[in-house]
Peer 1: 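Encoded as C-alpha cells, here's the structure I'll be asking about.
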Amino acid sequence: MTLRNTIDFLLHDWLDTTALTQRARFADHSRDTFDAVLDTCERIAREKYAPFNRLVDVQEPYFDGEKVILPQATHDAHKAYAESGMLSAAQDYEMGGMQLPYSVEASANAFFACASVSIGSGMLTTGNANLLMTHGTALQKEVFAKNEFSGRWSGTMCLSEPQAGSSLSDVVTRAVPDGDNFADDPLGPRYRLKGNKMWISSGEHELSENIIHLVLAKIPDSEGKLVPGTRGISLFIVPKKLVNTQGELTGVRNDVALAGLNHKLGWRGTTNTLLNFGEGKFPVGQSGPYGGGAGAVGYLVGQPGKGLACMFHMMNEARIGVGIAATMLGMAGYYASLDYAKTRPQGRPMGAAGKDPAQPQTRIIEHADVKRMLLAQKSYAEGALALELYCARLVDEHHTAGGQEADDARLLLEVLTPIAKSWPSEWCLEANSLAIQVHGGYGYTRDFPVEQYWRDNRLNMIHEGTHGIQAMDLLGRKVLMEDGKGLQLLSHRMMATVHRSSGIPALAAHAKALGKALQDVGAATKGAWATGNPTDALANAVPYLQAFGHTVLAWIWLDVAGCALDNDPQQTRADTQGRVGAARFFFHYELPKIGAWLSVVQSRDSTCSTFPEEAF
Ligand SMILES: Cc1cc2nc3c(=O)[nH]c(=O)nc-3n(C[C@H](O)[C@H](O)[C@H](O)COP(=O)(O)OP(=O)(O)OC[C@H]3O[C@@H](n4cnc5c(N)ncnc54)[C@H](O)[C@@H]3O)c2cc1C
C-alpha cells in the first residue's frame, strides 16, 4: 500500500473528512480541493525532498565565520514549500491562507516528513506565526505572522536554556524595559533581553530574509530579582534583524548572536544552535540597559508573566506534528525494508524433511520471522498515522464544531496529546530498529537509508517534552483533570468501538480484549493514586504511558479494521487483508504486553524509586 492510499483511506473512508466542507469555514472546499493539496505536496516531496535526504545528512550545516551554510537542495526545498502555500494553509483567506482543515494540512505535511524529515517543512515557522495569530496584537500579526506565513521570514521557538530543559520554570534569560517610553512602541512593549538559549532549531541560517525568534524570558521585579516558577515567564518577539511597522528591514542587526552549532546524531539537515541574546556582539543604538547598546530588542507578546501559557496554547498541534514526524520516519523505514525483503534471497524453507539445498533460495519476505518484523512496523507506523489523523480531526472539531462536540474534542485532545507525541516516538523508533534488522548487515551501513531513519527518529523521545515528562503529564494531570472527564470520554469512545466490533466475527475476540485492557488501565490508574501521593503514583509513569498508549492504539486498530471490513466484508482486497491482519498482529503480539507495564503501576512498585544511589 502506498502512503497516499493509506492517507486517502484514513482521511475519507475512516474519518469522513469531506463532511467538514458542510461547515462555513470550509465551505469552499471539496474532496477535489483536498486531493489537489495532497497531490501538490506529494509531488514536491518526491521531487525536492526525497532525493536529498542523504545529502542533507552528510553535508551538515556549518558556520563560515559569518553565515551558516546549508546545501542548495535545502534552499530549493524551502522555496518550493513556501510557494505551495502550505505555511499558511490553515489560515483565513485574508491572511493569504487556504482555510484548510488541520487534518488535511497534517496529512499533506506527512509527505514531506516521509521524504526528508530534516530538510524541514516549516513546522516551527507555522507554529510561531499561529501563536502570534492567537496572542499577538493586530500589528504583530500583520508585521511578523504575515511575513512568516508568506515564507519571507522564518520562525523559531526559544524555550530551552543550558540549565533549563524539562524545567522551564528555571529559565534565567532576563528582559528589562527598554527606556522610559518602552510601553509606547507600536510593535509591542519593548524590552532588552539578555541570556542564552540552547538547542534552538533553525536558530541561524540564510533560508529566509529574517528570523523571528519567540523567546521565553523573565522580567525582574522592582528589586531586580527574577520571579521563581513559571509565573514569572513572559514571551517576546525577538527578530534577528530589526524591522519597522511596515515590515521592512531597518538595516539594524539585533543583538542575537550564534554561539555555536550543535552536532547531532540525526536530523542534520536542520541547524540546531546555541544563541546568545544581548551579549553586545551586535549593539543596538548608543546605549542599552546592559551598557553600550547591548541587549537584544524584544517585543512583549500578551501579558507579562503569561508567556508559558501562550506557548502551551499551541502545544497540541506542535505535539501532533512531532508525532507525525516520528510516524513518517517509521513509515519510511517500513517501506524501505519491505522493498528489501521482497528482493533479498536468503535461506530455504524448512520442510518436514528439513531444507533442500538443491532448491533456489527464498526471498526473506517468505520467512515468518521477517514477516513478523514487517507486520510490527506496519502496525506501529500505520496505527500511529491513524492516531495522529484522528487527533488532527479532533483539532478541527475543537475549532469548528461548536457546543458540546467542540468541548468534547478539547478534552479528548488533552488526554490523547501525550500519546500522540510519545507513542510514535517510541514505537516508530522501534520500527526503524526492525527495519535495520530486516536488512541484516546492510542495514547497519550508510549504503541503505534505514540507519538514518533511526538516527533521525531518536530525537523525538527527547524534544517537545521528554518521554518521562509526557508520562507524568498523562498520569499526573491529564487523566485526573476535570474529575477524570477526559478519561471517561475516551473510555466511552473506546467502548462504542468495542460494541460495534463485537458482532463482527473477525474482530469479536479483539473487541473483548480491548474491553478487558480498558478495565485494566482504569484499575491501574486507581491503584497508582490509591495513596494520593504523587511520588508513589508517578514513579512508574512511563510504564503507564506505554500501557495507555498500547490500549489507545489497539482501539484505533479495531476501529480502522472495522471500517475496512464495512467496505469489504469478504476481505477480497489486499488493503483490507492488510488492515485486518495488522490489527490482528497488534492484538496478539502487542496488546498483551500491557500486563507487565500495568502491574508495576497498579502496585506502585518502588523498585526504581527506592533504589539507593550507591547501589548503582
Ligand atoms: C535536536 C534538538 C532540537 C531541539 N529544538 C528545540 C527548540 O527549537 N527550541 C527549544 O526551546 N528547545 C529545543 N530542544 C530542547 C529540548 O526540548 C530539550 O532537550 C528537552 O526539553 C530536554 O531538556 P534537557 O535536554 O535539558 O534534558 P533534561 O531536562 O536535563 O532531562 C534529562 C533527563 O532527565 C529526565 N528528567 C528531567 N526532569 C525530570 C523530572 N522532573 N522527573 C523525571 N525525569 C526527569 C528527562 O526525562 C530526561 O530523560 C531541542 C533539543 C534537541 C536535542
Peer 1: Indicate yes or no: at least one non-hydrogen side-chain atom of Trp153 is less than 4.5 angstrom from one of Val143.
Peer 2: yes

Peer 1: Please give me the minimum heavy-atom distance between Val171 and Gln163, naming the atom from each residue.
Peer 2: CA-NE2, 4.1 Å

Peer 1: Pairing donors with acceptors under 3.5 angstrom, does anything connect the side chains of Asn130 and Gln91?
Peer 2: yes

Peer 1: May I ask you to decide if Gly280's main-chain N or O and Asp255's side chain share a donor-acceptor pair within less than 3.5 Å?
Peer 2: yes

Peer 1: Can a donor-acceptor pair be found, under 3.5 Å and without considering hydrogens, that links the side chain of Tyr102 to the backbone of His399?
Peer 2: no

Peer 1: Just by distance, do the side chain of Asp64 and the backbone of Lys67 share a donor-acceptor pair under 3.5 Å?
Peer 2: yes

Peer 1: Under 3.5 Å, is there a donor-acceptor pair between the side chain of Glu279 and the main chain of Ala259?
Peer 2: no

Peer 1: Indicate yes or no: at least one non-hydrogen side-chain atom of His135 is less than 4.5 angstrom from one of Gln140.
Peer 2: no

Peer 1: Supply the atom-to-atom distance His205 NE2 to Leu261 CG, rounded to the nearest 0.5 angstrom.
Peer 2: 11.5 Å

Peer 1: Can you measure from CD (Glu388) to CH2 (Trp423) and round to the nearest 0.5 angstrom?
Peer 2: 10.0 Å

Peer 1: Report yes if some heavy atom in the side chain of Tyr290 is under 4.5 Å from a heavy atom in the side chain of Arg174; otherwise report no.
Peer 2: yes

Peer 1: Between the side chains of Glu397 and Arg23, is the shortest nitrogen-to-carboxylate-oxygen separation below 4.0 Å, so that they form an ion pair?
Peer 2: yes

Peer 1: Please determine whether side chain to side chain contact (heavy atoms under 4.5 Å, CB included) holds for the pair Asn196 and Glu161, giving the CA-CA distance in whole Å, both sets of side-chain angles, and the decisive distance to 0.1 Å.
Peer 2: CA-CA 6 Å; Asn196 315 108; Glu161 297 181 2; 5.9 Å; no

Peer 1: For the residue pair Phe182 and Tyr191, categorise the inter-ring angle as parallel (less than 30°), tilted (30 to 60°) or perpendicular (more than 60°).
Peer 2: perpendicular

Peer 1: Do Asn276 side-chain atoms and Ala257 backbone N/O form a donor-acceptor pair below 3.5 Å?
Peer 2: no

Peer 1: Would you tell me whether Thr400 and Arg25 have side-chain atoms, one donor and one acceptor, within less than 3.5 Å of each other?
Peer 2: no

Peer 1: Do Val176 and Pro220 touch side chain to side chain, with heavy atoms closer than 4.5 Å?
Peer 2: yes

Peer 1: Apply salt bridge (Lys or Arg N to Asp or Glu O under 4.0 Å) to residues Lys240 and Glu204 and explain how you reach the verdict.
Peer 2: CA-CA 9 Å; Lys240 172 181 162 182; Glu204 184 59 82; 2.6 Å; yes

Peer 1: For a side chain to side chain contact (heavy atoms under 4.5 Å, CB included) check, start with the C-alpha distance between Val117 and Asn457, then their side-chain angles and the critical distance, and finish with the verdict.
Peer 2: CA-CA 9 Å; Val117 80; Asn457 218 351; over 6 Å; no

Peer 1: Kindly give the heavy-atom pair with the smallest separation between Pro418 and Gln470, and that separation in Å.
Peer 2: CA-OE1, 3.5 Å

Peer 1: List the steps and the verdict of side chain to side chain contact (heavy atoms under 4.5 Å, CB included) for Phe277 and Cys158.
Peer 2: CA-CA 11 Å; Phe277 289 81; Cys158 302; 4.1 Å; yes

Peer 1: With distance as the sole test, does Asn254 use its side chain to make a donor-acceptor pair with the main-chain N or O of Val297 at under 3.5 Å?
Peer 2: yes

Peer 1: May I have all residue pairs that pass salt bridge (charged side-chain N to carboxylate O under 4.0 Å, His left out) and include part of residues 313-332, sequence neighbours excluded?
Peer 2: Arg319-Glu464

Peer 1: With side-chain hydrogen bond (donor to acceptor under 3.5 Å, both in side chains) as the test, would you mind laying out the steps for Tyr93 and Asp28 before giving the verdict?
Peer 2: CA-CA 11 Å; Tyr93 296 129; Asp28 292 343; 3.0 Å; yes

Peer 1: Return yes if a side-chain donor-acceptor contact under 3.5 Å exists between Asn460 and Ser425, otherwise no.
Peer 2: no

Peer 1: Between Arg455 and Asp57, does any side-chain N to carboxylate O distance fall below 4.0 Å?
Peer 2: yes

Peer 1: At what distance, to the nearest 0.5 angstrom, does CG of Leu300 lie from CG of Asp185?
Peer 2: 11.5 Å

Peer 1: In chain order, what residues pass the side-chain hydrogen bond (donor to acceptor under 3.5 Å, both in side chains) check against Asn128, with sequence neighbours excluded?
Peer 2: none

Peer 1: To the nearest 0.5 Å, tell me how far Met481 CE sits from Asp473 CG.
Peer 2: 9.0 Å

Peer 1: In terms of side-chain heavy atoms, does His213 have a donor or acceptor partner in Thr156 at a distance below 3.5 Å?
Peer 2: yes

